[in-house]
Amino acid sequence: MSKGVLLVNLGSPDSTDPEDVKKYLDEFLMDERVIDVPYWARTLLVRGIILNTRPKKSAEAYQRIWWDEGSPLIVLSERLQQKVDALTSVPIALAMRYGKPSIKTGLEELQAQGVDEVLIFPLYPQFAMATTETILVLAEELRKKHFPQMQFTSVPAFYNHDDYIRVLSSSISESLKGVDFDHLLFSYHGVPKRHIRKSDITNSHCKIDGSCCQTASAAHQFCYRHQCYETTKLVAEQLGLEKGKFSVSFQSRLGFDPWLQPYTDRTIERKGLEGVKNLAVVCPAFVSDCLETLEEIAMEGKEIFEEAGGEKFTMVPCLNDRDDWVKVLARWIDEWAHQNVAV
Ligand SMILES: C=CC1=C(C)c2cc3[nH]c(cc4nc(cc5[nH]c(cc1n2)c(C)c5CCC(=O)O)C(CCC(=O)O)=C4C)c(C)c3C=C
Ligand SMILES: [Fe+2]
Ligand SMILES: [Fe+2]
């Protein structure tokens, strides 16, 4: 069998035109693992309500961060793919769960290179039903329908992997060198609390209280909240951050359901009001900078902080195409590619 890798990120609209943003949001929000209500209710909510107003607002946000080459998330993912490809012995393709290049196109690209054993690599450190799971489900549907001769393996969430924690810690200490920050906020993309309960494979562990994510359980293999706290704990240990000097929050909530708390916007405001003058923020749920980091945090978050009395706001960039990150990905891939190969 011939091996190859499909890196998969979230995806962006084709342009900042509200019509393109609407098309992208339709594909994204009509995913049953993102808005997980019955089809009729999702259609009513997404196509009857959200898509009437949100595309215009989101298009304006995309306009504030868009690059000449296109969406930062796509451009940065392409750079990552090219650099990893240059270091590995197997072909590396790139796909997006929503928008272009699609997962089907990515698999076709690998197929054209003779690949029939594919490592599906969701570019998310923490597992979530709205990210990792939806990629794996769609990839399997496509395999059955269009690529029955292919075999898939997938990379599990790497939220606590030593290599990831080391690279993330280095990126934070480099970005914050000489920045005498009072507090470091680890802001993760939020999800509705219901998603956490649904992903609880024990059906009994998750309480979303202060303690369940710290109590050992098989549920943690698929618990986004546990994995976010674990990444934070391991990075804080590696950086020697004292208790109270850092905290966790969840950003980007949508709709009226309760999402994971504390919310990032309110946390940033509270920090400013409490007298924190120098705040640093890192967003470890994203491996590539995107709308949610460049606009929601670096622009809106900064403004909220300054209005609340804060003075210095430092944003730590995502891992993007850092050399140490590229090397780690290339090593993980080569380790997989050389398994079971007689030497
Ligand atoms: C850890 C990664 C992500 C999780 C978990 C996630 C869940 C999630 N997101 C929405 C709704 C929206 N997210 C949007 C943008 C967006 N989300 C992620 C990642 C995760 N989402 C990224 C990387 C991006 C940026 C994409 C880019 O092009 O840069 C958007 C679109 C923008 C907007 O209108 O705000 C929406 C909508 C839900 C509902 C959800 C969990 C249920
Ligand atoms: Fe999102
Ligand atoms: Fe938990």
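First listed ligand is number 1; within each ligand, the first listed atom is number 1. What you see is a predicted model, and the numbers here were worked out from it, not measured in a lab.
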Test of understanding: with ring-ring contact (aromatic ring centres under 6.0 Å, His included), list the residues that count as partners of Tyr164, not counting sequence neighbours. Phe158

May I ask you to check if ligand 1 and Ala285 share an N or O to N or O distance below 3.5 Å? no

Which of the numbered atoms in ligand 1 are under 4.0 angstrom from any heavy atom belonging to Ser12? 27 (C), 28 (O), 29 (O)

Whether Gly11 lies under 4.0 Å from ligand 1, heavy atom: yes

I need the atoms of ligand 1 closer than 4.0 Å to a non-hydrogen atom of Tyr62, numbered in the order shown. 26 (C), 27 (C), 28 (O), 29 (O)

Give the atom numbers and elements of ligand 1 that come within less than 4.0 Å of a heavy atom of Phe286. 18 (C), 19 (C), 22 (C), 23 (C)

Report yes or no: does a heavy atom of Pro192 sit under 4.0 Å from some atom of ligand 1? yes

Name all residues meeting the ring-ring contact (aromatic ring centres under 6.0 Å, His included) criterion together with Tyr98; count only those two or more places apart in sequence or in a different chain, and write none if there are none. Phe28

Ignoring waters, protein N/O/S atoms under 2.8 Å from the Fe ion (ligand 3) are Cys213 SG

Less than 4.0 Å is my threshold; does some heavy atom of Trp259 fall inside it relative to ligand 1? yes

Does anything in residues 147-159 pair up under side-chain hydrogen bond (donor to acceptor under 3.5 Å, both in side chains), and if so which pairs, sequence neighbours excluded? none

For Thr131, take its heavy atoms, then give the atoms of ligand 1 lying under 4.0 Å from any of them. 2 (C), 3 (C), 4 (C), 5 (C)

Would Lys245 count as a cation-pi partner of Phe181, with NZ or CZ less than 6.0 Å from the six-membered ring centre and within 45° of the ring normal? yes

Does atom NZ (Lys302) have a neighbourhood of more than 12 heavy atoms from anything else shown, all under 6.0 Å? no

Looking at Lys312 and Asp180, does any basic side-chain N land under 4.0 Å from a carboxylate oxygen? no

Flag the pair His195 / Trp259 as yes when their ring centroid distance falls below 6.0 Å, and as no otherwise. no

